[in-house]
Amino acid sequence: MVVLILPILVGWALGYLVNYLSDTLPVTRRLSQPTCPNCRHEIGLRDFMLGYSCRHCGRPRFIRVWSVLLALTAMSVYIWLNPPHNLGYLLGMALITYFAVVFVIDMENRLILHPTSLVGAGLALIAGWLVHGIARSVFGGIAGFLFMLILYYFGVLFARYRTRRMQASGFTPDDEEVLGAGDVILAGILGLALGWPLIWFGILLGILLGGVYGIFLVLAMVLTRNIKGRALQIFMPYGPFFILSAVFIIFLPHFIRYMLPG
Ligand SMILES: [Zn+2]
């Protein structure tokens with residue numbers, strides 16, 4: 001039990017790092033004092049540590065701050081006990097921290113930032129290299145990037161169609177992108193980490209997870225009778241689901257093995 005104190009402390013500290021980066025990067029684009037994304041008021045140290053709501057506008061922070069802390073600590077203990085093959089605990093935690101930052105920022109801001117992508121690409125290349133070899137890592141990266149690039153252009157076509165439909169039915173078009181350019185870069189990064197051919201399974205699992213979430217979203221709208229006019233306004237963030245899929249494949253390979261044929 002005593003040996004678990006170290007991963008618990010490391011996980012908890014990295015949880016604060018993820019909270020800090022998710023509070024600052026999308027708002028100020030640099031390492032500054034954490035600011036409320038809603039009213040730009042600075043968040044004090046105590047409120048930051050305990051996850052209190054913004055004192056200025058009341059924007060809640062509690063659920064996100066504590067889910068991040070608990071998730072990072074749980075993952076740290078899990079990875080300490082089951083370090084991924086050829087990666088080890090430290091690199092595993094570096095990847096988890098990067099995934100968590102992108103996950104939270106994308107969920108809250110629908111945004112994948114280029115500086116985080118740059119750090120992620122470096123980490124993913126090292127991880128992919130160690131686990132799959134340099135060639136399969138690079139091929140995986142190219143495959144993920146190109147596949148999502150094609151989907152991205154389909155998304156652009158769909159967005160044009162959607163804008164016309166929304167104008168025709170009397171709604172103001174909102175310029176919502178079905179798939180962002182950040183998703184394309186993210187798929188490339190995950191391809192580097194997962195390698196060839198595992199990236200295909202990663203994309204498939206990500207789309208499946210996203211689809212399940214989409215079904216729940218539509219069901220919730222139908223149940224709350226909020227469907228009118230909103231069916232065309234549904235936004236599907238794919239980034240977080242691709243990240244969940246990569247976490248499953250890298251850190252829970254036994255679980256994934258049951259799902260793969262052969
Ligand atoms: Zn605020």
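Order of listing sets the numbers, starting from 1, for every ligand and every atom in it.
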Inset, instruction - May I ask you to test the L113-I105 pair for a side-chain heavy-atom distance under 4.5 Å? - result: yes
Legend entry - Within the 6.0 Å centroid threshold, strictly below: Y213 and F241: yes
Legend entry - the Zn ion (ligand 1) neighbourhood, protein N/O/S only, threshold under 2.8 Å: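 The answer is C36 SG, C39 SG, C54 SG, C57 SG.
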Legend entry - Atom pair CG (L72) and OH (Y16), whose distance is rounded to the nearest 0.5 Å: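 Going from CG on L72 over to OH on Y16, the span is 11.5 Å.
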Legend entry - Which residues share a side-chain contact (heavy atoms from CB on, under 4.5 Å) with S137, sequence neighbours left out: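 Applying side-chain contact (heavy atoms from CB on, under 4.5 Å) to S137 gives L125, L192.
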Inset, instruction - Step through the shown structure and confirm whether more than 12 heavy atoms of other residues, nucleotides or ligands are within 6.0 Å of CG on L219. - result: yes
Inset, instruction - Please work out which of the three classes, parallel, tilted or perpendicular, describes the rings of F158 and Y161, given edges at 30° and 60°. - result: tilted
